[in-house]
Amino acid sequence: MNPTFRTDRSAALYERACRSLATGVSSGIRRNVTPIPLYFERADGPYFYDVDGHQLVDYTLAWGPLIVGSNHPVLNARVAEQLRKGYTYGAQHEGEIELAERMVQVVPGVEQVIFASSGTEAVQSAIRLARAHTGRDKIIKFEGHYHGWMSNVLVSYRPKADDPVATLPVCAGQPASEYADTVVVQWNDLDALAAAFDAHPGQIAGVLTEPMLANSGSCMPQPGYLQGLIDLCRRHGAVSIFDEVITGFRLALGGAREYFGVIPDLSVYGKAMAGGFTMSAVGGRREVFEALRAGRTLHAGTYNGHPVNVAAALATLEVLSEPGIYERMHRHGQAIRDALERSAARHGRPLVTTGVGTVFSAHFGLTAPPRNYRDTLKADAAAYTRFRAAMLARGVQLLPDGRWYIGAAHTDRELERVLPAIEQSMKEVGS
Ligand code: PLP
């Protein structure tokens, strides 16, 4: 780390958090978010400010939500207005109708919407809808895909290279009974998916996939893969579910459905949907919600449709509806991807970037785009860790896993700072 990058106050807070954790007072430690512990005190537009006085250009966007940046005047105004009208009602209000109607308008194939507060919850609601709709229990998920921290989906997220493609728990505290109905399959492989359906005839309620594998290297779906997945689901009477917690309102206003031109039965939304407020949703084909409308299944939550979060979501969608905004974000991301690849080539380092302009990943050591999680294991993660530390020393904040998030607050001004930082950091990483 550059010696001029002082972190005295952050280090003191980190020590306090460690002491606090040891004595069970609090658990305010998020490991791995920066190469060294940083504590933030405010954010504005595309910048984060830490307690040691650094202004950092932020490309983490808080793991995706901050798609219009921080301290946005439209979001601030709408949220402040709602705060004056009430924090929460625990009952229906006009905003949730307006938001559902807006989502139906802008997301292709979405006919009905339900709301929750986090991606984790909304994924569970989608699974319950699929089970209630089909009367079946099993779900298929793919290796390397993340769908929140519930035991039934937190399996085979980061298996080791010599682990089998199987349903493997991620952490202690996951009883086998909770993931007994989860089948894990290799992604981007329609034959593997077809074989999984054949191995469990008439038992699969739904197939859950990130439409672009943002959580493991931003792998892109092979041409025809997503439609093939949807078709296989139809053929076998299962519900196709896109987990769009990352891709929703990010790849395009209509998310992966619009970007890839495919319509699954259900999609799950979160993160960018409310620009940093805690809002999530499940949207999709009306028919799949029938069990809910008929009262045969339950979707609940004290904070579902929370008025402040709904106000933030409506404001975010309004900002994101501005003409040209996605083109600008994609261009910004593409400029960074080009700079990373050109700079690596200049320094004799193999590097590929994968994904799209608004969310992509950089892989040191790979010469071809990874197709799935297994391929990403061949990348040189240690080189990226060094690169990220070098970027931080130059005032650019990145995620630990090679992923970059681009938002509407990133402008040419930030590029002027980031592009030279990439070149200098690449030099520092060495070959
Ligand atoms: N699904 C995907 C694709 C995610 O990336 C995440 C979180 O990163 C989740 C679900 C869970 O969302 P949350 O953290 O809001 O519970």
Side-chain angles (χ1 to χ4, degrees), residues 27 30-33 60-67 114-130 139-158 170-171 174 179 182 184 187-188 206-221 226 229 240-251 255-257 259-260 264 266-284 299 301-306 309 312-313 316 355-356 358-361 372-373 376 399-405:
S27 63
R30 286 176 164 248
R31 291 183 209 290
N32 277 337
V33 173
T60 72
L61 298 189
W63 296 85
L66 297 174
I67 193 160
I114 54 174
F115 295 123
S117 303
S118 67
T120 296
E121 281 178 277
V123 163
Q124 295 303 316
S125 295
I127 290 172
R128 178 168 289 168
L129 284 174
I139 51 161
I140 290 176
K141 68 99 48 185
F142 299 93
E143 205 180 57
H145 291 229
Y146 181 72
H147 304 292
W149 55 269
M150 290 293 170
S151 290
N152 59 344
V153 289
L154 189 65
V155 288
S156 305
Y157 173 46
R158 288 271 180 271
V170 167
C171 63
Q174 288 188 266
Y179 51 83
T182 306
V184 171
W187 194 61
N188 247 340
V207 175
L208 183 61
T209 184
E210 291 187 56
M212 168 191 140
L213 184 39
N215 275 300
S216 291
S218 302
C219 303
M220 294 296 275
L226 293 174
L229 180 153
S240 50
I241 309 167
F242 280 9
D243 181 344
E244 296 223 42
V245 168
I246 289 178
T247 55
F249 306 101
R250 171 161 291 288
L251 303 195
R257 288 169 176 243
Y259 191 87
F260 295 116
L266 295 179
S267 285
V268 182
Y269 299 95
K271 295 203 192 243
M273 162 175 193
F277 287 76
T278 51
M279 185 81 210
S280 64
V282 182
H299 169 67
T302 301
Y303 299 115
N304 290 357
H306 190 283
N309 298 329
T316 303
V356 303
T358 51
V359 52
F360 62 86
S361 295
N372 55 35
Y373 167 73
T376 66
L399 286 174
D401 67 354
R403 203 177 339 170
W404 290 60
Y405 279 107

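We count ligands from 1, going down the list as the structure has it; atoms in each ligand are counted the same way.
Every atom of ligand 1 with a heavy atom of Ser118 under 4.0 Å away is listed here by number and element: 15 (O), 16 (O). Near Ile246, meaning under 4.0 Å from one of its heavy atoms, ligand 1 places the atoms 5 (O). Every atom of ligand 1 is numbered from 1 in the order shown, and the set under 4.0 Å from a heavy atom of His147 is 1 (N), 10 (C). In summary, the atoms of ligand 1 found under 4.0 Å from a heavy atom of Gly119, numbered by their order in the structure, are 11 (C), 12 (O), 13 (P), 15 (O), 16 (O). Within ligand 1, the atoms closer than 4.0 Å to a non-hydrogen atom of Gly148 are 9 (C), 10 (C), 11 (C), numbered from 1 in the order shown.
At least one N or O atom of Lys271 sits closer than 3.5 Å to an N or O atom of ligand 1.
In this structure, the separation between OG1 on Thr209 and CD1 on Ile140 is 11.0 Å, given to the nearest 0.5 Å. Atoms CG and CG, from Leu226 and Asn188 in turn, are 8.0 Å apart once rounded to the nearest 0.5 Å.
Every pair passing side-chain hydrogen bond (donor to acceptor under 3.5 Å, both in side chains) that includes a residue from residues 270-282 is listed here, sequence neighbours excluded: Thr278-Asn309.
With Ser216 contributing its side chain and Gly144 its backbone, the two residues share a donor-acceptor pair below 3.5 Å. Without hydrogens or angle criteria, Arg250 side chain to Val359 main chain gives no donor-acceptor distance under 3.5 Å.
Taking 4.0 Å as the cut-off, Trp63 does not count as a neighbour of ligand 1 on heavy-atom distance.
Taking the six-membered ring where the residue is Trp, His145 and Trp187 present perpendicular rings, their angle passing 60° and hence far from 30°.
Within a 6.0 Å sphere centred on CZ of Arg128, other residues, nucleotides and ligands contribute 12 heavy atoms or fewer.
For atom 2 (C) of ligand 1, the nearest protein heavy atom (residue, atom name, distance) is Tyr146 O, 3.2 Å.
With Val123, Thr278, Thr120, Asp243 as candidates, the residue nearest to atom 11 (C) of ligand 1 on a non-hydrogen basis is Thr120. Ranked by closest heavy atom to atom 5 (O) of ligand 1, the top entry among Thr247, Asn215, Val245 is Asn215.
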